2 protein chains.
Amino acid sequence: MQRAPETRELGPKAKRTRAAILQAAIDLLGEVGYERATIRAIAERAGVSTGNAYYYFGSKEEFVQAFYARTHAEHIVVARPRIAAAHGLRDRLRATMSAKLETVEPYHPFAGVLFRSAADPTSPLNPFSAASREVREDAIELFREVVVGMRKPLPKDLTAELPQLLWTWHMGILLYWVHDESEGRAKTWRLMEESSALIASAVKLSGLPLIAPLRRKLLRLARELTAGAA
Amino acid sequence: MQRAPETRELGPKAKRTRAAILQAAIDLLGEVGYERATIRAIAERAGVSTGNAYYYFGSKEEFVQAFYARTHAEHIVVARPRIAAAHGLRDRLRATMSAKLETVEPYHPFAGVLFRSAADPTSPLNPFSAASREVREDAIELFREVVVGMRKPLPKDLTAELPQLLWTWHMGILLYWVHDESEGRAKTWRLMEESSALIASAVKLSGLPLIAPLRRKLLRLARELTAGAA
DNA sequence: GTCTATAACCGGATAGAC
DNA sequence: GTCTATCCGGTTATAGAC
């Protein structure tokens, strides 16, 4: 029985073929966008048949996912030193998200397709899917670094749950970005800056006597609802 | 020149044909789900040709949108009396969202497709699109009723911006719901209940001296970023 | 002009030979 | 592991009926 493309082990020759197809896909996606980057065109550019492309990639979405994984890797590389150089929570959030927005900007023209599966549980591209697990966990890990490496350490309960919550925040910003047609994506940048400040302020205030119960409730909710799947 | 299907005026006969196609689409979507409800099958059930279906609906997504508009209309009918019967903000939020969750539950099996265009700016189905404007504004209007009809009126600044923000909250809950495979959608219900309480508490506390500046910032941000498009 | 049908196109996906 | 041939369904072109 034929195993799924992603889980198959490949000989050296096959690896090269796979890499060639992937490169062709990424190039073409970048050059002509999603719709015009047909499987046939991708295969042709890679010098293989369409059928062969499907030996390595189960669907067109998998190409997009590979693409997405790449932008994510770029993001981490750009973000890490910036995070290390920033100290307050607000600045660390801005460091993280500014890197993200810069990294993804070139792909805005077809970002809709990139992200449209976000809400489709049947799609491997949705950020909660098993296929996206690795990328998602890397991203959450990055937010863990954001909260763990602070000069003035945060309380333990926040340290535990914030990474998850901040990842959600970051996905929300991206969703806004996808729809943002303002000059230079000014609105998204504004949203990112202001919400970074708001989050930092809220974290600071969350220790106040009247506020603390709210914070406890929120963190408990976050913990319980991210336990299983979604 | 041929006008777009949605904006065309129809004679009485044509209206019946359109209605028949739409009904067939809704029935079939409910019975066999998105993938198996092919345009050909829909047209056949309605007793027309596939070409004719495209005279009335510009794409398969438009059927889904019609479907979505219908569940939305159902939601308003169910929600309104419940909202009127509740008094505190928390209860009014729960009234609104419980009606929503009950209304959409039957469609959970293919909700992914229903909502997958949420992130695609090129899709008429995305909740920010022009095509969705009416449905979206109705929904925001419903949240306006939630905040306006309270026994103890809320401050003016909140009354102005909360409807928009609550609509966003409600979309977030739906996004979670789409991915929620827990028994009886228990996690989503939990999230809905707890976040209703959290929002109500936050609104109450937002008048405190230390908190008020945060609230002002948040409301200003919300106002400015929803001014134009996205 | 308004509506309906048939035939074809296109691209994602699959089957099966080599 | 690679190809060719084919399927399938969304979509479009177009002819013609009312």
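Below, all heavy atoms of this structure are taken into account, side chains as well, without hydrogens, waters or symmetry copies. Just so we're on the same page: letters track the sequence lines, and every chain starts at 1. On a predicted model such as this, the values are computed, not experimentally measured, just so you know.
- The distance from atom OH of A/Tyr56 to atom C1' of D/dC3 is 13 Å, rounded to the nearest whole Å.
- Between A/Glu35 atom CD and C/dC10 atom C1' there is a gap of 13 Å when expressed in whole angstrom units.
- Summarising the geometry, the separation between CD on B/Glu44 and P on C/dT6 is reported as 12 Å, rounded to the nearest angstrom.
- With sequence neighbours left out, the salt bridge (Lys or Arg N to Asp or Glu O under 4.0 Å) criterion links B/Arg36 to no other residue.
- Distance, A/Arg36 CZ to C/dC10 C1': 15 Å, rounded to whole Å.
- Phosphate contact (OP1/OP2 of C/dT14, side-chain N/O of A/Tyr54, threshold under 4.0 Å): absent.
- Residue B/Phe63 holds its CZ atom at 11.5 Å from OH of B/Tyr56, rounded to the nearest 0.5 Å.
- At C/dC3, none of the side-chain N or O atoms of B/Thr17 fall inside 4.0 Å of OP1 or OP2 (strictly under the cut-off).
- Note: A/Leu162 CG to A/Leu93 CG = 8.5 Å, rounded to the nearest 0.5 Å.
- For the pair A/Ile21 CD1 and C/dA13 P, the computed distance is 14 Å after rounding to whole Å.
- Of all nucleotides listed (C/dA7, C/dG11, D/dG10), C/dA7 comes nearest to the side chain of B/Thr50.
- Looking only at distances, no side-chain donor or acceptor of B/Arg40 sits under 3.5 Å from a matching main-chain atom of B/Thr50.
- Remark: B/Ile140 CD1 to B/Phe143 CZ distance equals 9.5 Å, nearest 0.5 Å.
- If you check D/dC3, C/dA13, C/dA5 against the side chain of B/Asn52, the one that comes closest is C/dA5.
- The stretch residues 58-71 of chain A comes close to DNA chain C through A/Ser59, A/Lys60, each having a heavy atom under 4.0 Å from the strand.
- What separates CZ of B/Arg40 from P of C/dA5 is a distance of 15 Å, to the nearest Å.
- Between A/Tyr55 and D/dC3, a side-chain N or O to OP1/OP2 separation shorter than 4.0 Å is absent.
- Atoms CZ (B/Arg8) and P (C/dT2) sit 9 Å apart, rounded to a whole Å.
- One interatomic measurement links the two molecules: CG of A/Leu29 to P of C/dG12, which rounds to 11 Å at whole-angstrom precision.
- When distances run from any side-chain atom of B/Lys13 to the nucleotides C/dG12, D/dG1, C/dT4, the shortest one goes to C/dT4.
- Note on ring orientation: taking the six-membered ring where Trp is involved, the planes of B/His170 and B/His75 are parallel (angle under 30°, cut-offs 30° and 60°).
- Distance CD/A/Glu102 to CE/A/Met97: 11.0 Å, rounded to 0.5 Å.
- Nucleic acid contact for A/Ser49: base, since at least one base atom lies under 4.0 Å from a heavy atom of the residue.
- Within 4.0 Å (heavy atoms only), A/Gly51 reaches at least one base atom of the nucleic acid.
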